[in-house]
Enquirer: 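Sharing a structure below in structure tokens format, with a few things to ask.
Residue numbers begin at 1 in each chain, while the letters A, B, ... track the order of the sequences.
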There are 2 protein chains.
Amino acid sequence: MKIDAAVSLLGALAQGSRLALFRLLVQKGPDGMAAGDIAERLGVAPNTLSFHLKELSSVGLLKSRQEGRFIYYAPDFKVMNSLLAYLTENCCAESTTATECSTPASCKEC
Amino acid sequence: MKIDAAVSLLGALAQGSRLALFRLLVQKGPDGMAAGDIAERLGVAPNTLSFHLKELSSVGLLKSRQEGRFIYYAPDFKVMNSLLAYLTENCCAESTTATECSTPASCKEC
DNA sequence: TTCATATTTCAATAATTATCGAATTAAAGT
DNA sequence: ACTTTAATTCGATAATTATTGAAATATGAA
């Protein structure tokens with residue numbers, strides 16, 4: 001991943017409503033959640049939510065599918081993982097000083 | 001970590017010059033680098049760099065120490081790790097769907 | 001003390017981003 | 001066809017953020 005892509009992804013997540021939104025959808029899983037339900041759950045106006053959904057979708061963090069009048073949004077996990085990979089590789093000290101960067105939580109089971 | 005802290009950390013990294021700056025310092029290691037050298041290396045004006053250093057420092061991503069006229073900046077790895085931990089725990093699907101979130105790059109050696 | 005260097009601070013400006021209300025599109029039910 | 005519901009788009013406004021030039025602080029050297 002190039003640095004510009006990482007900046008875009010970080011920027012998409014660097015906002016309270018959007019991070020809450022993404023967390024919610026991760027929790028909800030691959031089936032996703034309809035826009036209206038998300039708006040209600042997060043307590044944001046439908047048009048404001050639409051703006052944030054677009055923001056996250058445009059960087060690839062969300063996928064959507066239409067079902068009748070409803071549009072379901074779900075996380076694209078591989079994009080999130082590529083960001084995590086970028087950050088661990090480029091912004092952790094593993095490459096230079098093995099001990100500086102402690103094992104991330106996801107490696108607990110190792 | 002609370003969501004607000006995560007948003008602040010993400011926001012601090014969600015900017016081209018700052019992400020490049022943080023990467024550079026991670027590469028440079030715990031001894032850090034003087035502000036002037038960083039500015040020259042990144043090709044940004046000293047006062048602009050100062051602004052970005054402050055931004056990163058204020059969220060805890062950078063530590064600094066003064067040596068004579070020079071101020072050396074270095075990453076605070078544990079803060080970065082706590083962000084990575086937050087993201088893997090809250091924004092990856094491991095908790096719900098074990099397979100959705102692939103093993104991050106940092107776990108290669110496991 | 002005086003001068004040069006390293007860095008930060010300040011004020012102004014430009015650019016980007018978030019929120020709101022109103023209007024619009026589009027699908028489904030009557 | 002008409003109405004309701006789901007969601008987005010648009011335009012305006014407010015708020016935040018980045019960049020620049022000039023001035024200030026502070027350390028070390030002559």
Side-chain angles (χ1 to χ4, degrees), chain A residues 3-25 28 31-76, chain B residues 3-25 28 31-76:
Chain A
I3 188 166
D4 288 12
V7 168
S8 299
L9 290 170
L10 289 166
L13 294 171
Q15 204 276 343
S17 302
R18 284 199 297 269
L19 188 54
L21 162 51
F22 192 74
R23 281 183 65 183
L24 176 62
L25 290 182
K28 208 66 183 177
D31 290 349
M33 208 169 162
D37 291 349
I38 302 173
E40 191 185 12
R41 174 68 173 273
L42 297 180
V44 312
N47 56 351
T48 300
L49 179 76
S50 211
F51 167 78
H52 291 307
L53 286 170
K54 196 173 168 185
E55 211 72 7
L56 286 168
S57 300
S58 75
V59 300
L61 279 166
L62 296 185
K63 295 183 287 193
S64 64
R65 67 172 203 286
Q66 182 147 9
E67 263 182 41
R69 283 182 289 192
F70 301 86
I71 299 180
Y72 287 83
Y73 286 88
D76 190 333
Chain B
I3 187 165
D4 289 12
V7 168
S8 299
L9 290 170
L10 289 167
L13 294 171
Q15 204 277 344
S17 302
R18 284 200 298 268
L19 188 54
L21 162 51
F22 192 74
R23 281 183 66 184
L24 176 62
L25 290 181
K28 208 67 182 177
D31 290 349
M33 209 170 162
D37 291 349
I38 302 174
E40 190 184 13
R41 174 69 173 272
L42 296 180
V44 313
N47 55 350
T48 300
L49 180 77
S50 210
F51 167 78
H52 291 307
L53 286 170
K54 196 174 168 185
E55 211 72 7
L56 287 169
S57 300
S58 76
V59 300
L61 279 167
L62 296 185
K63 296 183 286 194
S64 63
R65 65 172 204 287
Q66 181 146 10
E67 263 181 42
R69 284 181 289 191
F70 302 86
I71 299 180
Y72 287 84
Y73 286 89
D76 189 334

Enquirer: So which nucleotide from C:dT8, C:dA18, C:dC20 ends up closest to the side chain of A:Thr48?
Expert: C:dC20
Enquirer: Select base, sugar-phosphate, or nothing to describe what A:Ala39 touches, counting heavy atoms under 4.0 Å on all strands.
Expert: nothing
Enquirer: Looking only at atom types and distance, does a side-chain atom of A:Gln66 sit under 3.5 Å from a main-chain N or O of A:Gly68, one as donor and one as acceptor?
Expert: yes
Enquirer: Expressed in angstrom and rounded to an integer, what is the separation of A:Asn47 atom CG from D:dT9 atom C1'?
Expert: 9 Å
Enquirer: Looking only at side-chain atoms of A:Phe51, point me to the closest of D:dT19, D:dT8, C:dT19.
Expert: C:dT19
Enquirer: Does C:dA6 have OP1 or OP2 sitting under 4.0 Å from an N or O in the side chain of B:Tyr73?
Expert: no
Enquirer: Between A:Glu67 and B:Tyr72, who's closer to the 5' end of DNA chain C by nearest nucleotide?
Expert: B:Tyr72
Enquirer: Write down the distance between CZ (B:Arg65) and C1' (C:dT7), rounded to a whole number of angstrom.
Expert: 16 Å
Enquirer: Taking only side-chain N and O atoms of B:His52, does any of them lie within less than 4.0 angstrom of OP1 or OP2 on D:dT19?
Expert: yes
Enquirer: Without decimals, in angstroms, what is the distance between A:Leu53 CG and D:dA7 C1'?
Expert: 10 Å
Enquirer: Tell me whether B:Glu67 contacts the main-chain N or O of B:Phe70 through its side chain, where contact means a donor paired with an acceptor under 3.5 Å.
Expert: no
Enquirer: D:dA7, D:dT20, C:dA18: which one has an atom nearest the side-chain heavy atoms of A:Arg18?
Expert: C:dA18
Enquirer: On DNA chain C, compare the nucleotides closest to A:Glu55 and B:Ala34; which residue's is nearer the 5' end?
Expert: B:Ala34
Enquirer: Where the side chain of B:Ser50 is concerned, which of C:dT9, D:dT8, D:dA6 is the nearest nucleotide?
Expert: C:dT9
Enquirer: Choose from C:dT19, D:dT19, D:dT9 the nucleotide whose nearest atom is closest to any side-chain atom of A:Gln15.
Expert: C:dT19
Enquirer: Can you tell me how far P of D:dT5 sits from CG of A:Leu49, to the nearest Å?
Expert: 19 Å
Enquirer: Starting at atom CG of B:Leu62, determine the distance to atom P of C:dT8, rounded to an integer number of angstrom.
Expert: 11 Å
Enquirer: For A:Tyr72 and A:Ala34, work out which heavy atoms get closest and say how close.
Expert: CD2-N, 3.5 Å
Enquirer: Can you see if the side chain of A:Arg69 gets near the phosphate of D:dT4 - specifically, an N or O under 4.0 Å from OP1 or OP2?
Expert: no
Enquirer: Minimum heavy-atom separation for A:Ala12 and A:Leu56, please, with both atom names.
Expert: O-CD2, 3.7 Å
Enquirer: Could you give the CD-to-P distance, from A:Gln66 to D:dA6, as a whole number of Å?
Expert: 13 Å
Enquirer: Provide, to the nearest angstrom, the distance between the CG atom belonging to A:Leu42 and the P atom belonging to D:dA7.
Expert: 13 Å
Enquirer: Taking atom C1' of D:dA7 as reference, at what distance in whole Å does atom CE of A:Met33 sit?
Expert: 15 Å
Enquirer: Considering every strand and a 4.0 Å limit on heavy-atom distances, what is the contact class for A:Ala45: base, sugar-phosphate, or nothing?
Expert: nothing
Enquirer: List the atom of A:Leu42, the atom of A:Ala20, and the distance in Å for their closest heavy-atom pair.
Expert: CD2-CB, 4.2 Å
